[in-house]
Amino acid sequence: MTSIRFVRFFVGYGLELSRLVPLILFHLKKKYLCKTDLEVKEAWAPRDLGYGTRVPGDMLIVTIVFCYSVIAPLIVSFSALYFGLR
């Protein structure tokens, strides 16, 4: 169960990098909202992924869980709860 949550955690960042949802939104905006070339460029501009704020916190939790799960396996359930509620 916990490994599934960790996989979801790492896959989530991969999906953000692939920009599938923004690609769909771009085509919808381009078809219905954008009238000029400048508006099309602004619609395609990538948004901030939050590497400076979100990724370090998540990686800290993953590192702590990997280190302490050998000593105290109970921490794995708390990490699953943490990533499950996020």
Side-chain angles (χ1 to χ4, degrees):
M1 181 89 167
T2 304
S3 62
I4 293 171
R5 295 193 193 276
F6 284 119
V7 169
R8 275 184 40 201
F9 163 72
F10 288 114
V11 169
Y13 286 121
L15 287 176
E16 276 191 46
L17 288 174
S18 68
R19 296 183 55 184
L20 291 176
V21 174
L23 179 67
I24 294 167
L25 291 176
F26 166 72
H27 285 294
L28 291 174
K29 285 180 186 178
K30 183 178 175 186
K31 186 172 185 174
Y32 297 111
L33 298 176
C34 297
K35 305 294 184 213
T36 65
D37 288 336
L38 181 61
E39 290 175 343
V40 171
K41 286 181 183 178
E42 289 175 358
W44 184 244
R47 64 186 170 112
D48 184 28
L49 294 176
Y51 284 123
T53 56
R54 217 171 75 201
V55 174
D58 289 344
M59 294 313 274
L60 174 69
I61 299 297
V62 167
T63 304
I64 290 171
V65 168
F66 282 160
C67 290
Y68 285 105
S69 65
V70 176
I71 299 168
L74 186 62
I75 198 168
V76 176
S77 61
F78 290 111
S79 69
L81 182 68
Y82 173 78
F83 285 113
L85 294 177
R86 265 189 110 205

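Position 1 is the first residue of the sequence; numbering continues from there. These numbers come from a predicted model, not from an experiment.
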Restricting to non-hydrogen atoms, name the atom on Val65 and the atom on Ser79 that form the minimum distance, rounded to 0.1 Å. CG2-CB, 3.1 Å
Run the side chain to side chain contact (heavy atoms under 4.5 Å, CB included) test against Leu38 and tell me which residues pass, sequence neighbours left out. Thr36, Glu42
Considering only Ile, Leu, Val, Met, Phe, Trp and Tyr, and joining two whenever side-chain heavy atoms are under 4.5 Å apart, list the other residues clustered with Leu74. Phe78
For Phe66, which of Val70, Val62, Ile64 qualifies under side chain to side chain contact (heavy atoms under 4.5 Å, CB included)? Val62
